[in-house]
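In each ligand, atom 1 is the first atom listed, and ligand 1 is the first ligand listed. Numbering of residues begins at 1 and proceeds along the displayed sequence. What you see is a predicted model; the values in this text were computed from it and never measured.
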Amino acid sequence: MVIKAMLNPRHLAAPLWLAAWRAGRALFPEPAGSFRILLFHDVPKAERPAFAQLVQSLADAGRLITPAQAEARLNSAAPKGQGRPPCLISFDDGFASNLEVAETILAPLGAKALFFVCPGLTDLSGQAQADSIAANVFDGKRGANDLTILGWDGVERLMALGHSIGSHTLSHKRLTALSPDQCAEQIEGAAQAFQARLGAVPEWFAYTFGDVGSINPPSLAAIAARHRFCRSGVRGLNVPGMSPLALRADHVDLAAPPAWRQVAVEGGLDPLYRKARAALDGMARGL
Ligand SMILES: [Zn+2]
């Protein structure tokens, strides 16, 4: 993995790229009230030092915000005249490691994050869960290996720690690959499962796979009927007044070299996703 990382041209260029991006941001700072949503999945033990360092550095800079603070910013209720945009931390898929990270890294810093879970996977255990992780979460490209999904007790523990839970579909299906009935089952079925188990439908939804090709207008309309916020995996800044159904997020590869991780966290990859953001905004506007 080290050799692969050294040979990755993007990773090699990251320090220069980061310096150029920072110089540009110094001249043209991000709009007041803007924020980023960082996106993580499973955080294996080997990557926890990198995760801890990232969260600590954001906390030290006063740049960690809670889901409620992010919501307020979308409504232009945020304080003006900020420095670098703050970050909301989010996790997809509800892996068991999420709770360990919440207890050992987020809790000591008082950080509150957003965890997107799939009730249909939470309900499974053993081989059935492993098969579903491999088929649905990893799209048949790899096995679950030793990865497991948090049970409801784990989800409730996250809530007790002050974190927010969002819906990530019922069983991690790609919405654009489904019939209208199947799509409704994934969105509405998840909402009903949350209602039955946690007593409320989450305000937040993150559609699976996150790319702009994995969402379409009917799916987004079904999401909007049950949730206030829809987070994509499309990179970019979130700004006051934007559609809460077209939120951007930046996946951070914790296995990548530090400069590359920092490029992602600071928005250095934003220019590559202009078209995807425009398509997402167009869908949200058309609802
Ligand atoms: Zn996912």
Examine all N, O or S atoms of [X], backbone included, and report whether one is under 2.8 Å from the Zn ion (ligand 1).
X    : result
D92  : no
H172 : yes
H41  : no

Q.
Is there a path of hydrophobic side-chain contacts, each under 4.5 Å between heavy atoms of I/L/V/M/F/W/Y residues, joining W204 to M159?
A. no
Q.
Among P218, S219, P217, exactly one meets side chain to side chain contact (heavy atoms under 4.5 Å, CB included) together with M283. Which residue is that?
A. P217
Q: Assess the side chains of N216 and T176: does a donor N or O sit below 3.5 Å from an acceptor N or O?
A: no
Q) By atom name, which N, O or S atom of D93 is the nearest to the Zn ion (ligand 1)? A) OD1
Q: Decide yes or no for K173 and N136: does some side-chain heavy atom of the first lie under 4.5 Å from some side-chain heavy atom of the second?
A: yes
